[in-house]
Every structure is written in structure tokens, then in C-alpha cells.
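Heads up: the structure comes next, in C-alpha cells.
Order of the sequence lines sets the chain letters (A, B, ...), proteins ahead of strands, with each chain counted from 1.
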Number of protein chains: 2
Amino acid sequence: MTVGIKEVARKANVSIATVSRVLNGSASVTQETKERVMAIVGELNYMPHAIGRALVTHKTNLLGVILPDVHSEFFSELIRGIDHAARERSYHIIVSSTHSNKKEIESMLGVMQGGHVDGLIVMSPHISADGVLKRLSPRSKLVFVNSYTNGGKFVSVAIDNFNGAYRMVDHLIGHGYEKIAIIKGEESNFDAQERFNGYLQALKKHRIRRISELEINGNFTEESGYDGMMKILKLKTKPTALFCANDSMALGALRAMHEKDIIVPGEIALAGFDDIPSAQYVLPSLTSVHVPIYELGTAAVESLLDEGKGDAPGGRKKILNTSVVKRESCGCPPGTRERVKGI
Amino acid sequence: MTVGIKEVARKANVSIATVSRVLNGSASVTQETKERVMAIVGELNYMPHAIGRALVTHKTNLLGVILPDVHSEFFSELIRGIDHAARERSYHIIVSSTHSNKKEIESMLGVMQGGHVDGLIVMSPHISADGVLKRLSPRSKLVFVNSYTNGGKFVSVAIDNFNGAYRMVDHLIGHGYEKIAIIKGEESNFDAQERFNGYLQALKKHRIRRISELEINGNFTEESGYDGMMKILKLKTKPTALFCANDSMALGALRAMHEKDIIVPGEIALAGFDDIPSAQYVLPSLTSVHVPIYELGTAAVESLLDEGKGDAPGGRKKILNTSVVKRESCGCPPGTRERVKGI
DNA sequence: ACACGCAATGTAAACGTTTACATTACATAT
DNA sequence: ATATGTAATGTAAACGTTTACATTGCGTGT
């Protein structure tokens, strides 16, 4: 039997309304009664029942977060960013690490419509936001993270995959490499697609023809990087550099090259994307594109909760800068570990 | 204006009680009415309001998870484990990645007492569970993960830090090393303490005297590993092996040794704890103690939710096995990558 | 034909708050 | 003294469900 507002009211000789007012500071209450009530509250260790409150206020102070299967650093940094920003606004977060399962997403959406959360942060790189879009009551608080949001009907935040890849490949070309292979992510993946586009754009800028046999399919796993590299090593004319659409695949490719005694970057230069922690510990250290994951999380919360601060009412898209981190694997001298900021 | 049970009831020409019964399958309803109601439910896309329901059932199907600042893989794997086990039981999880801040924990505890969550999973390696213990209503559903739980009044799950460290150091001694240094975690940290105890126990078993200058303080960060190693390298008599209480510090130590051109494991062998992903990619690959993080999460949920399955009612403690993963850094031949399972 | 039991459904209270509206008490203006 | 405004507090409805209890209708045994 937990102590409720009624018991507090009785012991303090006031009505429950007054107790409520004291607790919320919502209306004028005598200093004396205020103290009396607070004393009882402390004495009974009373805590307002969040559910009862939520039922009438229609506010749970809970945010839903739906994530696909992302690598652990992305996951934890994103959650930390979201959580921190949420806590600042006195929200808690409900996390659902679905595997991009459409049914899971809709289940969560259900939880939301069910009134359990005040807003939703969704990252679904595999599924078009459109599918989700339809089921939504138009007034739903919702923000997409790194997802397709064609139409622009929804709020979204994303990292600048395109420019990150573009600048990285541009950097590789700056080293003098021309035959630059790429191990891509899955075509259905939003990030992967954008990164590939950045790669193509960089080639285009320097008038380098794309060679389809240098465009290898991968799926963001270490294995697929290893396998992709093995394919590349079987080509008659090997590339002089390899850009992997993420670091896991770059690590896999590196392992393959170690096995085949290929010298990196001497024979083939290497660059990745994500700047995961391992990137700085492998030998040679891995040049990569740094992604502001934590900030992605805070930005999502800001977009969701800080409405009407002069923002346009319709769907907006916020893009966060990425930056090239030069290390050894691209051919930069060992000392060159400074970070090249994005524009 | 969202559609509620009343509207469904009206359109289906039944009372709200019947609609409720159909939705919950709680009592006998004619097949015919059942279908009629479900048709309307589908038509209106009605979803029960979770808050209203929770108010009367006293069940939110939400679990609170309070975590300190742990490394990203631990965080994400633990959450995945918890989330997966929770979803199987149709629970969602509220995550709070506090920084072991006592106030934060109590705030979360408040949310719980406030009725928002049905149970709580707490990991607080720095704070004695006792502090938290007092504020708790005795019937609170609560499980501790890798925390001090002296008294044993509460349910807890933990990994076998002691035996993991013990077996690892035993393995190092098996290689012939006798002067084995350790870089410890903070004394206030539960895991760190247990690991240190395992180290001591292994020395004791082999009648090796502890040498206090070989017991270096660290704090689980890469930097502290680096700094610790630098201290070790200044000793007159260097150790032949180093055991770090976690992999991050081992990576830091490795970096220091690379800088000073110390050959690993030739001059100094190295072993870590946690088996983080980087461990297998560094050169030499890092021998480490594997920790079943995902399982730790699922075990926590099981302990919390699967009560009365013949378990003792009082505080139980479940301990999950750890296992030594032999790689190159301890002196095992490069091919030896099989995993040594715990007892 | 009657009572009885049971299946199907309805009625209304309860869950723990907030808050619009009503009431009271009192100080001040007239 | 009376009216009036205002501050302090109380009353009760509302939020959206579930569920104990009441009611209805109908088949069955007598």
C-alpha cells in the first residue's frame, strides 16, 4: 500500500487539491500550509504517482527511441546524446533496439499512440520513412535520424554522409591515387547510398572514370570487408587505394591485406568511415571520417522538443558535419593525426 | 482527438466493458460480437491507451535500467541483452545512462516508485547498494548488476570477475612469467576490486610474492593504461608480464610499449579483461577475458521477471562465467585463438 | 409451466492525479 | 454597515481503462 495524495491531504488537514497545488506550485498557497504539506510529504516520503498524473495531463515525460542494429559505439554514443539532452529537459527515454524490423517499429509506434511516450526518435536506414508515415496521426511528435525522409514532411536530423565520403575520396586523390576501389554498404541502406554518392562525386570532380569492377558490394560487417578485399586482390589490375563505406569493413579489408602481405598504405592505401575507436589502434592506424554521433542524438532531441523557436513549421532537415581524420593508412605521415574539420 | 474505447463501443453497439473484454480476451464473448468489435477496432485503428490501462492494472510493462559510464560495447551489448529478454516478455525498457551519480539513481528510483516502471535493473559499481537500499519499499522489483550487494538482501547478477582474473593470471604463470605486474581499476569499483583479488589469488596459489611496485593504479581509461605502463617502464626491474584490469588500459599500455619499442610479448607479455572488439584487431592481438555481456542483460531480466520458479525468495546472486581468450599478446602462438571456457 | 444455472452483456466504481469552478474568509472601499 | 475584490481553499469532474457486481435472456431438468 503506497502512500497517495489523499493520505497526505488528510494528515495535513487540507484537500487533495491543495496538496497538488503545493507540489506543482500552480496556484497561490499560504506559506504556512505549504510548509505543513511539505512536512507531511517528507514524513511519508510521498511521491506523486506518475501514471495518475499522466492520465490527466497527457504528458508522460517519456521519449521513445527506435534504433536498428548499429555498431556498438554508434548505439551507445547516440543513446548517450539523446539521454543527456532528454534529461536536461526532464525527459526519460524508452529504448527499443529493434533490428529494423518493420513490425517492431509499428509496435513501438503503437506504444506511442497508446500515450506512453510524448515523442519518438526513429532511425530506420533500411525502410523508407514513407511506410511508417502513413500510420501516423499528423500531430505525432516524431523525428527521424539518418533515414530516408523523402517528401520532407517530417523533421529529421542526419550526418553529412555525402560530403564526408566526398572529402575523403578527394583526399585520397590528393595523395595521387587514381584507381580507387570502394566497398559499399547495402543498397537499401541510406547511409551506404549517400556515401557511395560522395565517392562518385569526388571521382567526377577529378574526371576519373568509374570502373565498375572496383565497386564492390558489402554489408557493413567485418566479414564483408574481408571478402570484398579478397575479391579485389583477384583483379588483374589492382587499385592503389580503397575506400570502405564503414570502418568495420575497412578493418576486414585490412585483415585480408595483412594475410596476403600487402603493405598498407605502400601498395594499397585504405580509408574508412565512422572513426570507430579501433581505427586509432590498428596498425597502420586507419584514416576515417569522423561522425558526430553524440551530437546527432542531442540534435534529435532538440528538434523534437524545442519547437517553435523560429523554426519553420513544416518538415525540416538538420545536417551535421562530418570530418576527415587523417591517420597512417591513407599514406599521410605518421605524425599527421590532426583532424580536418568539415566546412 | 484520438479514438477511445467509448467510440468503439458506441459504433459496435456494445458497452465499453465488452470492448475491453474482447481486447483482453478476459471473459466469454460471443463470436459474433467479438468480430463486430474487432471490425470497428480495425476500422478506427483504435489502440488502447496504455496510461489509462496502467492506472487500473498497476502495470506499465516498462522496466527501468540505470547504468553508469561503461565502455560502449558493454553498454550496447547489455542493453541489447536486456531489451531482447524484455521484449520476449512484452516489456519495454527505460534507459538512464547516469554517471553513477547518486542523485540520478534516486531520481530514477523516484520514477519507479512513481509507478512508471514495473521493475528496475541497476548497475552501480561505485556505490554500495546499501545506500540505495534504504529508500526502497521492500516489495520493489529490483535487480543489481555487477554491484556490491552485501547482505544479499537483493537479487543480483554478476560476471565472474574473480575467476576470470584468476584464470588469466594463472595462464600467464603457465607461460613461465613470474614477475607479473597489474594495472588496476579504481578501488571504489566493484569489478576492479574483484579482478584484483583474482590476480592476488593466482599469485598465492603459485606461491609468488606480491610486489607492491608492480601493482599500479589505473581507472579503466586508455590514458591511465598508458600512464601506468610508463611508470612500469621506469622501474629498475621490469616485469615479464602485465595484466590489465580491462582492455582499454591494456590498449593504452600497448601504445606505450609501441612507443618505447618494447616487443610484446617477447619482452613483456600482456593480457586484458573484457574482450572488447579492438582486442582482436590490435597487433599483437590481445589476450583477454571474455565477458558474456549480452547474457548478463538477459539474466538480469530473467531474475527480475521470472520469479517464483522455484527460486529462493530471499536475495539470490547469479554469477555468469567468464573465459580466457588466448591470443598473441600473452605469448601463445599466433594460431592459438581458441577460447578457453570457464568452469 | 417453473425454477435454475449459465452465458452474454451492461453498469458503475475504482485507479491517482489535475483543474475548472465554487466557496469561504477577510481586507478594503464606499 | 454594506458591497466588492482577492487570496486561499474545497468540491467534483475528468482523464481512459479494467473489473466486480448486477442484469438479462435462454436452454434444461423437473
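Nearest heavy atoms, B/V143 versus B/S303: CG2-CB, 4.3 Å. Residues A/L44 and A/V3 share a closest heavy-atom pair of O-CG1, 3.6 Å.
Nearest to the side chain of A/R21, among D/dT17, D/dT9, D/dA20, sits D/dT9. Relative to the side chain of B/N24, the nucleotides C/dT11, D/dT18, D/dT9 differ in distance, and D/dT18 lies closest.
Considering only side-chain N and O atoms, A/Y46 lies nowhere under 4.0 angstrom from the phosphate OP1 or OP2 of C/dG16. Between B/S20 and D/dT19, a side-chain N or O to OP1/OP2 separation shorter than 4.0 Å is absent. For the pair B/S28 and C/dA8, the criterion of a side-chain N or O lying under 4.0 Å from OP1 or OP2 is met. Under 4.0 angstrom from either OP1 or OP2 of D/dG10 there lies at least one side-chain N or O belonging to A/T18.
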Start with the C-alpha gap between B/L23 and B/S20, add the side-chain angles, then the distance that decides, and say whether side-chain contact (heavy atoms from CB on, under 4.5 Å) holds.
CA-CA 5 Å; B/L23 261 33; B/S20 176; 5.8 Å; no
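Between the two ends of the helix from C/dA1-D/dT30 to C/dT30-D/dA1, each summarised by a five-pair axis, the helix axis turns through 60° (rounded to 10 degrees).
A/F75 does not carry A/R80 over the face of its six-membered ring by the limits of under 6.0 Å from the centre and within 45° of the normal.
Relative ring orientation between B/H58 and A/H49 is described as perpendicular, the plane-to-plane angle rising above 60° on a 0-90° scale split at 30° and 60°.
Rounded to an integer number of Å, the gap from CZ of B/R10 to C1' of D/dG16 is 15 Å. Look at CD1 on A/I16: it is 12 Å from C1' on C/dC15, rounded to the nearest Å. One can place NE2 of B/H49 at 12 Å from P of D/dT18, the figure rounded to the nearest angstrom. When rounded to the nearest whole Å, the span between CD of A/E32 and P of D/dA7 equals 18 Å. Look at CD on A/Q31: it is 16 Å from C1' on D/dT9, rounded to the nearest Å. Between the C1' atom of C/dT18 and the CD1 atom of A/I5 lies a distance of 8 Å, rounded to the nearest Å.
Between B/R36 and A/A17, the residue anchored nearer the 5' end of DNA chain C, judged by the nucleotide with its closest heavy atom, is B/R36. Taking for each of B/K34 and A/M47 the nucleotide of DNA chain C with the nearest heavy atom, the 5'-most of the two is the partner of B/K34.
Each salt bridge (Lys or Arg N to Asp or Glu O under 4.0 Å) pair with one or both residues in residues 45-65 of chain A, not counting sequence neighbours, appears once here: A/K59-A/D118.
Using modelled atom types, one side-chain atom of B/N146 and one backbone atom of B/I159 make a donor-acceptor pair closer than 3.5 Å. A distance-only check finds no donor-acceptor pair linking the side chain of B/S188 to the backbone of B/E186 [under 3.5 Å].
Summarising the local packing, NZ of B/K318 is surrounded by more than 12 heavy atoms from other residues, nucleotides or ligands at distances under 6.0 Å.
Between A/H92 and A/L63, every side-chain heavy-atom pair lies at or beyond the 4.5 Å cut-off.
In the region residues 51-61 of chain A, proximity to DNA chain C at under 4.0 angstrom, judged on heavy atoms, holds for A/G52, A/R53, A/L55, A/V56, A/T57.
A/S26 comes within 4.0 angstrom of nothing in the nucleic acid, heavy atoms only. A/T30 comes within contact range of the sugar-phosphate backbone alone, with a heavy-atom separation under 4.0 Å but no base atom that close.
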